Protein chains: 2
Amino acid sequence: MALKARRALASQVRQRLRILISTGIYPPGSRLPNEGELAEALGVSRTTLREALQGLAEEGLILRRHGHGTFVNQYPQQLTTSFDRNFSIGDLIRAGGHRSTTRDIVIQTRPAQSYVATRLSLLPEDEVLVIERVFLADQRPVAFSVDCLPAILLAEANYELTDLYGDSLHAFLAQRLGLTVHHGIAQLRPLLAESWLAQKLDLSSGTPLLYLEQVDYTLEQRPVLFSQAYHVADALEFIVYRRGPGER
Amino acid sequence: MALKARRALASQVRQRLRILISTGIYPPGSRLPNEGELAEALGVSRTTLREALQGLAEEGLILRRHGHGTFVNQYPQQLTTSFDRNFSIGDLIRAGGHRSTTRDIVIQTRPAQSYVATRLSLLPEDEVLVIERVFLADQRPVAFSVDCLPAILLAEANYELTDLYGDSLHAFLAQRLGLTVHHGIAQLRPLLAESWLAQKLDLSSGTPLLYLEQVDYTLEQRPVLFSQAYHVADALEFIVYRRGPGER
DNA sequence: AAGTGGTCTAGACCACGGC
DNA sequence: CCGTGGTCTAGACCACTTT
């Protein structure tokens, strides 16, 4: 416990406050001690405490009122999965309280189609590793996804095919290739299931699906993953936390 | 210019830096002066400068690398509309470069349906003001929306019906009722246009639509607006910037 | 080893809300 | 008026990256 966990201080304080609130030390509706006292009680500076409080306020766990005090929210919102976070389909399924598995996996290398090459900043003759699979929530098919990785990223890496079976490609990118996904840009569209797709998902043709097309980037704005996913609507919840417009 | 614009300092610095970058003082790819120098040059503390830099990094305008420096991003992402921001449909249309108008407006007060009452924390017998309308982008219908406002909010306010015609209810809430929408929680679902809806939007029945259901809250977590919107998919773009998972 | 961004502190002053 | 949260500062020390 010597080093590490640096900037964690504010996060630690945040966690400690969460506990103090959930255990009823600070019950819903009550007012917290003022910032000075609270900072001293927790053994951190007021600045650090404030960062923790700000985080809790954004979570909706507390309410802050200038000149009045900081209060524990009586009606906290709880979002299991907010879509502005880059979760995998597996996470989405688990957030709904189901068990996530996959089937019908196809892994192959092939030349990038033109629209894929464009999104990944590749040349048309470049190859991509394509991973197709069906996601199931408790045995029920709920999504079909196609992921494309530039083959050149894999050229010098050592990995096994089984590494690709895990439902988090982000983890694979980070652990095997040293590439951390910083953010993704996704586009949403409703779609009707064509027969080939309906068959994969055990649906009838014409069922409405939520189609998502996404490119993931590293911190350096390098595109590393192109994904297409077809989601069965009534099986997965798509919830978005939308901040009001304006300057932070 | 005496008072006001308090916490604006970091925002002001941010804006000044944007200008320094866009005018080519700090061209794309170049490294900015270190934080100490930059802070002194701009006449603010390093803390304040860092807050500004952090904002610019989140915007994607600059890249920060520990132990290396801060760089102007060569390939800045520019999202006209990111869905994690609480824009109105009118904004969405204008972001696509079209002219936004509305038609078929219906405004009436009626008892809240049970699912509406639940979402707005109202009692079943409470009344809501309902605003229905069709949005057009350059004459073409692209969305149908139903907004519900608790009637009690309007009881003591003075306003005219025409205030409700503007395409930003958020602006109405802020200016007439003193209620600022802090965030909304939205749920997305694909849907097939039923005949009544298809007729309103000049579509054929069974066309896939993107359905959005949203509750807007004030900073104090008070629900003030419930909205349902049916979007024509190929007319509007739904783009989401998804940050990588993890603690803030 | 030198230079950079990352974290944390203590303290000052300001603006808002209620008494 | 007082107490609260909101903003800003100067400075210390740490950790990462390159030379």
Side-chain angles (χ1 to χ4, degrees), chain A residues 1-17 26 29-58 61-73 178 180 182 218-220 246-248, chain B residues 1-17 26 29-58 61-73 178 180 182 218-220 246-248:
Chain A
M1 190 129 333
L3 320 181
K4 176 127 184 255
R6 206 55 200 156
R7 172 62 159 183
L9 224 187
S11 289
Q12 287 173 32
V13 172
R14 203 162 138 184
Q15 182 56 25
R16 287 169 65 189
L17 284 169
Y26 299 124
S30 68
R31 192 175 77 177
L32 266 53
N34 71 49
E35 297 184 348
E37 293 176 15
L38 203 48
E40 190 180 6
L42 295 171
V44 297
S45 71
R46 194 179 150 213
T47 309
T48 299
L49 172 73
R50 276 180 59 77
E51 187 178 330
L53 289 177
Q54 189 155 341
L56 292 175
E58 284 182 16
L61 196 59
I62 60 174
L63 304 175
R64 324 196 67 193
R65 283 195 245 165
H66 196 168
H68 194 190
T70 301
F71 300 80
V72 179
N73 191 352
T180 302
H182 175 256
T218 64
L219 179 60
E220 297 80 19
E247 198 79 15
R248 291 173 56 70
Chain B
M1 192 135 326
L3 320 180
K4 176 120 183 260
R6 205 54 198 157
R7 173 60 160 183
L9 225 188
S11 289
Q12 286 172 31
V13 171
R14 202 161 140 185
Q15 183 57 24
R16 286 169 66 188
L17 284 168
Y26 299 125
S30 67
R31 192 175 77 176
L32 266 53
N34 70 49
E35 298 185 346
E37 292 177 15
L38 203 49
E40 191 181 5
L42 295 170
V44 297
S45 72
R46 195 180 148 211
T47 309
T48 300
L49 172 71
R50 276 180 60 77
E51 187 178 331
L53 289 177
Q54 190 155 340
L56 292 175
E58 283 183 16
L61 197 58
I62 61 174
L63 303 175
R64 324 198 68 193
R65 283 195 244 163
H66 196 169
H68 194 189
T70 301
F71 300 81
V72 179
N73 191 351
T180 301
H182 175 257
T218 63
L219 181 59
E220 298 81 18
E247 196 81 14
R248 289 174 58 69

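Note on naming: letters A, B, ... go to the chains in the order of the sequence lines (proteins, then strands), and numbering restarts at 1 for each one. These numbers were taken from a predicted model, which means no experiment stands behind them.
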Peer 1: Does any part of the side chain of Glu37(A), heavy atoms only, come nearer than 4.5 Å to the side chain of Asn34(A), both counted from C-beta?
Peer 2: yes
Peer 1: Could you tell me which residues satisfy side-chain contact (heavy atoms from CB on, under 4.5 Å) with Ala57(A), sequence neighbours excluded, listed by chain and number?
Peer 2: Ile62(A), Arg64(A)
Peer 1: Out of curiosity, Leu56(B) CG to Thr70(B) OG1, how far, rounded to the nearest 0.5 Å?
Peer 2: 10.0 Å
Peer 1: Can you tell me the distance, in whole Å, between the CD atom of Gln12(A) and the P atom of dT7(C)?
Peer 2: 13 Å
Peer 1: Indicate the atoms forming the closest heavy-atom contact of Ala10(A) with Ala52(A), along with that distance.
Peer 2: O-CB, 3.5 Å
Peer 1: Anything under 3.5 Å between a protein N or O and an N or O of nucleotides 10-13 of chain C, put it in a table, one pair a line.
Peer 2:
from: dA10(C); atom 1: N6; to: Thr47(A); atom 2: OG1; distance (Å): 3.2
from: dA12(C); atom 1: N6; to: Arg46(A); atom 2: NH1; distance (Å): 3.3

Peer 1: Within this structure, what is the CG-to-P distance between Leu63(A) and dT4(D), rounded to whole angstrom?
Peer 2: 18 Å
Peer 1: Does the side chain of Leu38(B) come within less than 4.5 Å of Leu42(B)'s, by heavy atoms?
Peer 2: yes
Peer 1: Taking only N/O atoms, report every protein-nucleotides 16-19 of chain C pair under 3.5 Å with atom names and distance.
Peer 2:
none

Peer 1: Hey, could you give me the CG/CG distance between Leu9(A) and Leu49(A), rounded to the nearest 0.5 Å?
Peer 2: 11.0 Å
Peer 1: Going by heavy atoms in the side chains, are Leu53(A) and Val13(A) under 4.5 Å from each other?
Peer 2: no
Peer 1: Whole angstrom is fine here: how far is it from CG in Leu32(A) over to P in dG3(D)?
Peer 2: 19 Å
Peer 1: What pattern of brackets, bars and dots sums up DNA chain D from 5' to 3', given Watson-Crick or G-U wobble pairs under 3.5 Å, [ ] for crossing pairs and | for another strand?
Peer 2: ||||||||||||||||||.
Peer 1: Thr48(A) side chain N/O closer than 4.0 Å to the phosphate oxygens (OP1, OP2) of dT7(C)?
Peer 2: no
Peer 1: Could you tell me how far apart Arg50(A) (CZ) and dT9(C) (P) are, to the nearest whole angstrom?
Peer 2: 14 Å
Peer 1: When the distance from CG of Leu49(A) to C1' of dC8(C) is rounded to whole Å, what number comes out?
Peer 2: 13 Å
Peer 1: Mind calculating the distance between CG (Leu9(B)) and P (dC14(C)) to the nearest angstrom?
Peer 2: 14 Å
Peer 1: How close do Val72(A) and Tyr26(A) get, heavy atom to heavy atom, and via which atoms?
Peer 2: CG2-O, 3.6 Å
Peer 1: Near DNA chain C, under 4.0 Å by heavy atom, which residues of residues 34-43 of chain B?
Peer 2: Asn34(B), Glu35(B)
Peer 1: Measure from CZ on Arg64(B) to P on dA15(D) and round the result to the nearest Å.
Peer 2: 18 Å
Peer 1: Nearest-Å distance, CD (Gln54(B)) to C1' (dG6(C))?
Peer 2: 10 Å
Peer 1: Applying side-chain hydrogen bond (donor to acceptor under 3.5 Å, both in side chains), can you list everything that pairs with Glu40(A), at least two apart in sequence or on another chain?
Peer 2: none
Peer 1: Indicate yes or no: at least one non-hydrogen side-chain atom of Leu61(B) is less than 4.5 angstrom from one of Asn73(B).
Peer 2: no
Peer 1: Counting distance only, does the side-chain N/O of Arg31(A) pair as donor-acceptor with the main-chain N or O of His68(A) below 3.5 Å?
Peer 2: yes
Peer 1: Taking atom OG of Ser45(A) and atom CD of Glu51(A), what is their separation to the nearest 0.5 Å?
Peer 2: 9.5 Å
